[in-house]
Peer 1: 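The structure is given below, and queries will be raised subsequently.
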Amino acid sequence: MGAVETFDLRREFRTSGLRRGETVVALQDVSLDVEEGEIHGLLGPNGAGKTTLIKILSTVLLPTSGRAEIFGYDVTESTKTVRKLFGLVFGGDRGLYTRLTARQNLDYWAALYEVPTQQAKETVERLIHLVGLDGRAEDRVETFSRGMRQRLHLARGLVADPPVLFLDEPTVGLDPVASLDFRGMVTGLRDEGKTIFIATHDMAEAEAICDRVTLIDHGEILATESPRTLGAWISAFEWVEVLGLDIETRDILEAVPGVASVADQPGGWVRFQPEREDASAEILQLALNHGFASVRTGYPSLEEVYLRTMGDRGMEV
Amino acid sequence: MRAAAAAFRMQLSLAVRTPNYWMVVISTPPQVVLFLSVVDVFDRPDLVTNALMAPILMNMWSASLWTGGAVMRDDRWLGLLEIHAASPQPYGLIVASRVAAVILLSLLVIPVTLLTAVLTYGVDVEVRNWEILTSTLTVTALAIVGTGIVFSSMTILSRAAVTFQAAASYPFLLLGGVFVPLELLPEWVRPFGRLVFLSWSSDLMRDSVTELVVENALARLAVVVVLGLLGFAAGLWLIRVILDKVRGTGEISTI
Amino acid sequence: MTAGTLRIVQKASRVGLEDVRAQYTWKSWLFGWIARVTAQVLFFAAMGLMVGGPEFILFAFVGNICAMAALMPQGAGPDTAWERGLGTLPLLVAAPRSMLPVFAGRCSFYIVQGVAEASFVFALLAPFLGFTGHWWWLPVGLLALGLGSYGLGLFLASINIRRPRIGNILFNLVFYTLVAIAGVNVPTEVFPETVQRVVNVLPMHHGILGTRSLLSDGPSSGAFAELGLEIAIGLGWFVIAMLGFRLFSEGGRRDGSIDLAE
């Protein structure tokens with residue numbers, strides 16, 4: 001039995017408005033399992049169904065069909081029990097009473113989660129320290145930066161010391177430093193034995209902290225991969241752009257094995273999209289050798305990775 | 001129980017820091033002056049009680065309509081609707097506790113009203129029957145909590161929430177006979193007024209000030225209790241409807 | 001006023017119109033807002049069932065209708081709070097022209113709305129309450145009242161920008177105080193001298209007197225003098241509002257209370 005398991009989970013929505021009555025399938029027969037003590041990523045673009053899945057797991061939404069369990073308890077039948085087993089954290093700066101202080105927010109939720117009074121005080125202190133808000137516990141949340149709110153949000157999710165944490169795009173809108181901090185906290189929690197299910201559209205984030213990553217798109221599970229595979233894809237599909245190429249050099253670069261496509265970009269740049277690891281390094285080197293020093297590189301977007309790996313389902317599941 | 005107490009305390013903390021919550025207390029003195037000036041101009045000392053009861057009831061009702069009504073709307077705005085739904089506590093209980101906190105705060109209008117009356121017109125009121133007065137106030141406050149839950153839910157379920165709130169103020173105060181007793185209003189209006197617990201409360205409160213023995217006091221109190229409980233039931237049922245929409249159809253959502 | 005300012009006012013009033021359109025459907029307007037306003041007027045007029053009889057009913061009726069017309073422009077205050085909430089406020093401050101024309105334009109629609117709604121409720125209730133009088137002069141009086149309150153409303157708006165938290169409260173306090181002392185339900189003469197003097201420089205008082213006169217006796221120099229005074233007071237507050245807006249921009253820039261959207 002895994003910590004979190006879903007069995008053919010399906011969720012449909014009836015659309016209202018102009019296309020009244022049409023059914024949108026947000027989740028299609030999703031079956032996955034999250035092992036106890038792992039950080040499991042749910043990676044997918046916007047609209048893929050990540051939030052819907054998290055909502056079902058956190059008992060906020062009912063599935064149309066199928067089952068989901070947390071430590072063996074069905075989320076729709078044993079709702080009360082299940083609610084004590086997880087903490088829910090989502091990104092952005094909502095989910096907190098901004099006019100109250102950090103401590104007041106945590107006290108409130110500690111009471112709602114029936115944390116024994118004496119223990120609650122200690123827990124709140126410990127959590128404030130854990131998320132690095134020691135000096136700011138008595139300040140109103142409305143004075144907090146985005147990053148601080150996110151950390152408080154995490155603390156709130158931990159107030160009942162649940163074995164499972166659901167994180168929905170927790171680092172969205174955070175600057176790189178704050179994101180790194182946050183990820184550090186998350187891996188720390190995993191090391192303490194917590195099971196963490198994190199939804200994200202950020203490949204680099206998924207690669208950095210997850211033990212396993214499930215890829216989802218249009219409500220369907222595509223694959224479950226190790227972060228190494230993800231990493232390999234990222235580097236395989238790292239594109240290279242060169243400025244002001246002449247036709248000769250362009251042809252040379254295009255001929256590098258592993259170049260999948262060449263496209264003109266605005267401003268005189270030409271983008272070379274490889275599909276093989278190390279191809280981008282080669283292209284770069286060649287460009288520089290031929291005297292073209294205006295170069296830039298970038299990581300592929302999730303959509304691009306999907307397109308190239310899932311497009312023709314040419315990879316192993 | 002502990003969760004309810006925590007919710008109550010939390011709302012008090014929130015209310016104390018939110019200027020809008022003090023609105024009812026601040027708009028009370030001018031209202032007191034308004035009613036007392038009318039009573040004074042026509043030299044009707046027998047109506048002083050009416051002049052004092054009116055702002056008290058009006059502002060308690062306003063508190064439940066506007067700030068009680070804001071409890072769930074603010075939760076939704078802050079993205080806390082789903083978080084509450086995912087917690088082990090029944091949301092209805094939490095909302096009820098928080099609306100109760102708002103109403104408790106609104107009881108401040110009573111001393112403010114009395115103070116204003118003393119300072120402006122030197123009013124000196126002698127209450128003949130304290131028991132009935134305090135019982136009525138207590139029961140009315142609880143009933144107002146019930147309607148506050150209804151208002152709170154309506155702001156989520158209804159798109160025209162603001163205009164609904166607008167409609168729920170003076171019409172109910174008129175039917176509630178808070179200044180002009182229901183029996184002085186046209187006959188056809190009275191049956192509607194009797195459905196509003198305010199009309200029973202205002203009559204009882206006025207009688208308890210002027211009469212030592214209040215006729216049918218217990219029966220009338222019971223009516224307020226019953227109507228109040230109906231309001232509670234309606235409010236809690238509406239919250240159920242909201243949670244069904246959140247979980248079932250996904251219609252109401254903030255994340 | 002330059003052509004440029006006029007243009008701002010014109011564009012801004014369109015925003016105001018759209019705001020109103022967005023807020024109401026005819027149903028919600030009729031059964032929500034109009035129902036409330038009608039009930040409010042009736043609530044106070046009904047006092048005549050206990051004191052003063054039909055004469056007082058009509059006195060309070062006219063007074064509260066006047067108050068309704070004045071209520072709307074004063075609502076400019078909370079409106080600016082909304083602007084701040086929308087996050088458009090810093091954009092306005094950063095724009096090269098003063099903010100006053102913008103708010104003036106946006107809230108100019110309130111005057112029209114106030115006159116229209118108050119007249120509508122009057123038409124609904126007048127026959128029911130047995131009003132006989134020169135009712136066709138009502139819109140003139142209401143317009144003066146609207147203009148009178150407009151300046152005060154903008155002044156409240158300028159304060160509101162500086163201290164957004166108290167916007168709604170301030171509006172309620174000012175309005176309810178005026179309703180208590182400006183001659184809506186009882187003549188101002190019943191209040192102490194000091195109160196009367198204050199009321200003299202605030203909107204509503206003269207406008208109500210002028211409107212009552214117009215409705216009962218028709219046009220007269222006295223009536224128009226009162227209405228003229230009302231408009232003059234409105235202008236005075238408008239000037240104060242201008243200063244208020246200037247003060248806000250400077251003050252807000254100084255202490256950083258204007259923040260950009262996060």
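Chain A is the first sequence line, chain B the second, and so forth, proteins listed ahead of strands; every chain is numbered from 1. When reading the values below, keep in mind they use all heavy atoms of this one structure, side chains included, and skip hydrogens, waters and symmetry mates.
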Peer 1: If you take all heavy atoms of Ser62(B) and Val24(B), which pair is closest and at what distance?
Peer 2: CB-CG1, 3.9 Å

Peer 1: Which atoms of Thr101(A) come close to chain B, meaning under 4.5 Å heavy atom to heavy atom: side chain ones, backbone ones, both, or neither?
Peer 2: both

Peer 1: May I ask you to name which of Thr18(B), Ile83(B), Val246(B), Leu243(B) has the most heavy-atom pairs under 4.5 Å with chain A?
Peer 2: Ile83(B)

Peer 1: Under 4.5 Å from any heavy atom of chain B, what part of Ala110(A) do you find: side chain, backbone, both or neither?
Peer 2: backbone

Peer 1: Counting only non-hydrogen atoms closer than 4.5 Å, does Thr249(B) touch chain A with its backbone (N, CA, C, O), its side chain (CB onward), both, or neither?
Peer 2: backbone

Peer 1: Between the side chains of Asp74(A) and Thr76(A), is a donor N or O closer than 3.5 angstrom to an acceptor N or O?
Peer 2: yes

Peer 1: On a heavy-atom basis, which atom in Leu57(A) and which in Ile70(A) lie closest, and how many Å separate them?
Peer 2: O-CD1, 3.6 Å

Peer 1: Using non-hydrogen atoms only, which part of Ala4(B) is less than 4.5 Å away from chain A: side chain, backbone, both, or neither?
Peer 2: neither

Peer 1: In terms of side-chain heavy atoms, does Thr143(A) have a donor or acceptor partner in Arg136(A) at a distance below 3.5 Å?
Peer 2: yes

Peer 1: Checking Thr52(A) against Arg11(A): is there a side-chain donor and acceptor pair closer than 3.5 Å?
Peer 2: no

Peer 1: Does any backbone or side-chain atom of Leu96(A) lie under 4.5 Å from a heavy atom of chain B? Answer side chain, backbone, both or neither.
Peer 2: backbone

Peer 1: Just checking, is any N or O donor in the side chain of Glu38(A) or His40(A) under 3.5 Å from an acceptor N or O on the other one?
Peer 2: yes

Peer 1: Measure distances from Pro116(A) to the heavy atoms of chain B and classify the residue's part below 4.5 Å as side chain, backbone, both or neither.
Peer 2: backbone

Peer 1: We want to know whether Ser201(B) and Thr140(B) form a side-chain donor-acceptor pair, criterion being a heavy-atom distance below 3.5 angstrom.
Peer 2: yes

Peer 1: Consider only side-chain N and O atoms of Thr195(A) and Glu36(A), and report whether a donor and an acceptor are under 3.5 Å apart.
Peer 2: no

Peer 1: Given heavy-atom pairs under 4.5 angstrom as the criterion, report whether the side chain, backbone, both or neither of Ile94(B) touches chain A.
Peer 2: side chain

Peer 1: Are Gln150(A) and Thr171(A) linked by a side-chain donor-acceptor pair shorter than 3.5 Å?
Peer 2: no

Peer 1: Among Thr98(A), Ile56(A), Thr117(A), who wins on heavy-atom pairs under 4.5 Å with chain B?
Peer 2: Thr117(A)

Peer 1: Checking heavy atoms, do the side chain of Thr64(A), its backbone, both or neither come under 4.5 Å from chain B?
Peer 2: neither

Peer 1: Using heavy-atom distances under 4.5 Å, tell me whether Tyr97(A) contacts chain B through its side chain, its backbone, both, or neither.
Peer 2: both

Peer 1: Which residue out of Lys84(A), Lys80(A), Gln104(A), Glu12(A) racks up the most heavy-atom pairs below 4.5 Å with chain B?
Peer 2: Gln104(A)

Peer 1: Less than 4.5 Å to any heavy atom of chain B: does that hold for the side chain of Val159(A), its backbone, both, or neither?
Peer 2: neither

